[in-house]
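Accompanying notes for the structure given below.
For ligands, and for the atoms within them, numbers begin at 1 and follow the listed sequence.
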Amino acid sequence: MRPSLTFQIKPDLPESLAPLAEIAANLWFSWHAGAIDLMQRVDHHLWREVNHNPVALLNQISQERLETLAEDSGFLAQMDRVVETMRAYLGATKCAFLNGRAPEGLKIAYFSAEYGLTDCLSLYSGGLGVLSGDHLKSASDLNLPLVAVGLAYGQGYFNQYLNADGWQQEEYHPNDFYNLPMSLMTTDDGNELRISVDIEGRPLQARVWRISVGRVPLYLMDANIEDNPPELRSITFQLYGGDREMRIRQEILLGIGGVRLLKALNIEPNVFHMNEGHSAFASLERIRQLRQEKGLNFNEAREVVRASNCFTTHTPVPAGNDYFDPDLVRRHFSSYVADLGISLPVLMAYGRVDPRNDSEQFCMTVLAMRLSDFANGVSRLHGRVSRQMWQGVWPHFPEEDIPVGHVTNGVHIPSWISSDMAYLYYRYLGPGWHEDPDSQTVWKAIEEMPDAELWRARERRRGQMVAFLRNTMVEQLSRRGASAEELRRAGEALNPEALTIVFARRFATYKRAVLIAQDQERLAKILGNPQQPVQIIFAGKAHPKDNEGKEFIRRVVALTHDKRFRDKIVFIEDYDINTARYLVQGADIWLNTPRRPMEACGTSGMKAVANGGLHLSILDGWWDEGFQPGLGWAIGRGEEHSGEYPQDEVEARALYRLLEDEVVPLFYRRDAYGLPRGWISYVKNSLRNLCPVFNSHRMVEDYAENAYLSASRRFLNLVADEFSGAKGLGDWSQRIMENWSQVQVVSAESAAPHSAIWGQELPISAMVRLGDLKPEDVAVDAYYGRLRPDGEFAERLTHTLEPVGQNDGMWRFEGKVLAQSTGRLGLAVRVVPNHPLAGSKYSLGLAAWS
Ligand SMILES: *Cc1c(COP(=O)(O)O)cnc(C)c1O
């Protein structure tokens with residue numbers, strides 16, 4: 001039986017407690033310890049029971065308790081302080097770091113398929129989501145004008161539990177949106193706001209939920225409404241559930257629906273940031289709207305879209321990218337392409353590395369890259385890997401010049417920090433650690449922190465982590481029907497004083513959770529020394545379809561039953577933000593053992609580091625740029641292996657050696673006061689050097705400086721004067737593409753002798769055929785630099801040559817390059833399209849070389 005009417009009943013909050021509802025309605029609470037403390041004070045047990053959901057807390061609290069609180073002057077005073085702080089935060093309008101440099105009307109739209117924001121919002125699966133969440137929080141703190149778009153998953157990602165054999169089971173819990181810090185968007189006439197997209201000829205409608213992330217609004221589309229046919233309602237049930245057809249439909253809603261959503265809200269962004277390829281269809285909808293509403297043609301609209309798009313790729317392996325069968329795309333886009341003004345084969349070409357290969361799958365990453373003037377990987381190493389991986393999209397350019405850079409990820413420190421460490425930071429670093437965490441000066445003051453206080457905070461957090469893990473394991477085991485003996489043991493597992501290694505992350509096989517157990521005898525010796533006890537905590541989910549990942553979990557769970565490891569190795573079920581927070585706050589060693597270079601960045605280690613944990617990892621992702629001796633440890637030297645090489649064995653041995661010779665002795669070397677001075681100096685080095693860099697304020701500022709500001713300027717230039725710039729650029733790009741086959745570098749010469757002196761200017765001339773193009777349509781660059789012994793360029797400098805005359809249908813270009821380095825200098829001449837309004841020389845992917 002379904003009800004015919006529904007009501008939303010709000011608790012009868014006494015007048016004096018009204019600010020509680022105000023605080024509960026904004027996720028600002030989730031990174032302000034005072035607000036969390038306040039919610040805890042409302043009802044400690046209930047707060048935990050509702051999974052730290054302030055709206056559910058207020059909805060479920062007894063009227064009696066509310067009335068007691070309304071009379072509690074201490075509570076009221078604390079509440080007033082919190083709400084005043086929040087109002088001041090939300091009311092601030094200045095973006096200090098942009099400091100007036102932003103173009104008038106800067107507005108960034110951020111698209112992501114998942115958001116990991118806070119414990120009670122199950123809208124993420126792992127690192128990608130948590131990263132999006134941290135991005136929004138830093139954008140809010142920095143007061144960057146950003147709005148975010150995503151999907152409201154009715155069930156989110158699965159909850160994990162294990163059966164008696166240690167095999168992962170999945171269960172889905174419904175998200176009760178009405179009982180969460182989110183609100184339904186309505187139109188002016190009070191009806192639900194509806195967005196509609198077309199799914200194979202049928203309309204799919206979505207309603208829209210708004211989550212306030214501090215100053216940043218996040219809009220989530222929800223297709224689970226009565227007006228949709230049942231088989232379409234499930235489109236927003238699960239994150240990464242379902243088959244390819246489900247996935248393309250989700251991505252149509254996210255990308256195309258997302259752009260329509262912004263329009264319905266009268267939000268007119270001039271920068272679009274696609275976090276991962278899932279939202280790449282947004283570009284198509286933007287082109288469609290520009291055609292339909294502004295009368296642009298496809299080329300003109302595409303230039304506007306490309307100029308204002310930023311795209312971040314997160315996957316270092318081809319299989320990790322989103323691919324669709326050509327037939328699936330055909331079915332969903334065959335009528336849509338008419339509105340774009342292109343044919344289906346042209347659309348397909350935008351999603352293929354080789355546009356002419358009809359059998360190639362349609363790749364969302366390729367679509368996003370072809371339609372973005374800014375693209376990046378998420379660490380320095382991943383930027384390099386991405387250039388290698390996607391070189392085929394720019395076949396006319398050498399790998400080093402592929403226009404995919406990097407912005408290294410960061411974490412939102414206030415969201416991950418323990419109250420003990422926060423207290424110390426306020427005391428010794430001042431408020432800057434919270435407000436200006438990417439300042440080197442702020443973190444320098446870590447030296448002022450007394451070793452004993454730092455160590456006490458570390459010990460306390462380890463103790464709290466152990467207590468949390470014991471409780472959680474007892475709960476999890478009793479749900480599984482474990483024996484009284486097992487429950488008793490779980491209640492006493494782990495040692496709050498032992499050196500604690502944590503391995504917590506998705507159980508993707510490349511992360512090699514079981515590497516540390518490669519040689520069980522040797523591991524047993526390391527863990528089993530009663531004078532220097534060591535223990536390991538594992539947590540993480542495998543994707544429901546990843547049986548190999550589940551097998552890794554089963555093997556880890558088997559270790560926990562081995563009597564050599566009993567009470568010293570534990571696996572904690574259902575890794576989520578809440579568990580992650582306990583673990584990153586309590587770990588002494590945060591371990592990461594990916595197969596390089598598969599870890600695009602990794603962020604959990606940054607959370608542990610900010611809490612005074614030390615990072616021990618393969619040199620992959622962020623650690624490849626963060627590691628220095630004396631602040632953590634590197635397994636190996638950044639080797640990359642393939643084929644027969646016994647990589648696991650070699651790297652496991654290196655890990656054991658580090659633990660035996662360095663980590664364990666350093667941790668247990670105590671002075672007369674019981675302090676591990678050597679270890680503490682590692683911790684301080686790590687905090688001072690790593691925190692100012694690997695935080696999300698620095699990351700968001702990098703995006704703003706390197707991507708958002710220039711993208712918005714390009715956009716504003718192109719749309720000014722009734723899109724005159726866009727029209728010019730659209731015509732120009734059409735002309736370039738039609739005529740490029742005529743472009744040819746006939747010769748490149750220098751009058752200088754082949755041995756020259758350092759500092760000398762070398763005259764360069766080139767004869768170039770341009771066909772029907774003009775010299776101002778192109779840049780003819782001298783491309784030069786020092787050569788490596790193998791004859792490849794070791795450095796790559798360019799200097800643009802000037803046209804000096806024409807004869808025989810060829811143009812002569814001349815210029816001078818400076819011999820700036822000694823040794824062998826190489827030089828080539830290249831011609832690339834050049835237009836003052838184009839985002840970059842790589843936009844059209846064209847080049848001709850000498
Ligand atoms: C930070 C975090 C991640 C990402 O961890 P990686 O180091 O990137 O593997 C995944 N899940 C949760 C719950 C997190 O908090």
At less than 3.5 Å, what protein N or O atoms come close to the N or O atoms of ligand 1? Include the distances to 0.1 Å.
residue	atom	partner	partner atom	Å
ligand 1	7 (O)	Thr603	N	3.2
ligand 1	7 (O)	Ser604	N	2.9
ligand 1	7 (O)	Ser604	OG	2.5
ligand 1	8 (O)	Thr603	N	3.2
ligand 1	9 (O)	Lys511	NZ	2.8
ligand 1	15 (O)	Lys607	NZ	2.6

Single hit among Leu619, Asp624, Val385 for side chain to side chain contact (heavy atoms under 4.5 Å, CB included) with Pro597: Val385
Is any side-chain heavy atom of His32 closer than 4.5 Å to a side-chain heavy atom of Ser415? no
Looking at Arg595 and Asp620, is there a salt bridge between them, counting it only when a charged N and a carboxylate O are closer than 4.0 Å? no
Side chains of Cys310 and Met274: closer than 4.5 Å at any heavy-atom pair? no
Taking the basic N atoms (NZ, or NE/NH1/NH2) and the acidic carboxylate oxygens, is any pair closer than 4.0 Å for Glu599 and Arg506? no
Aromatic centroids of His382 and Trp622 separated by under 6.0 Å: no
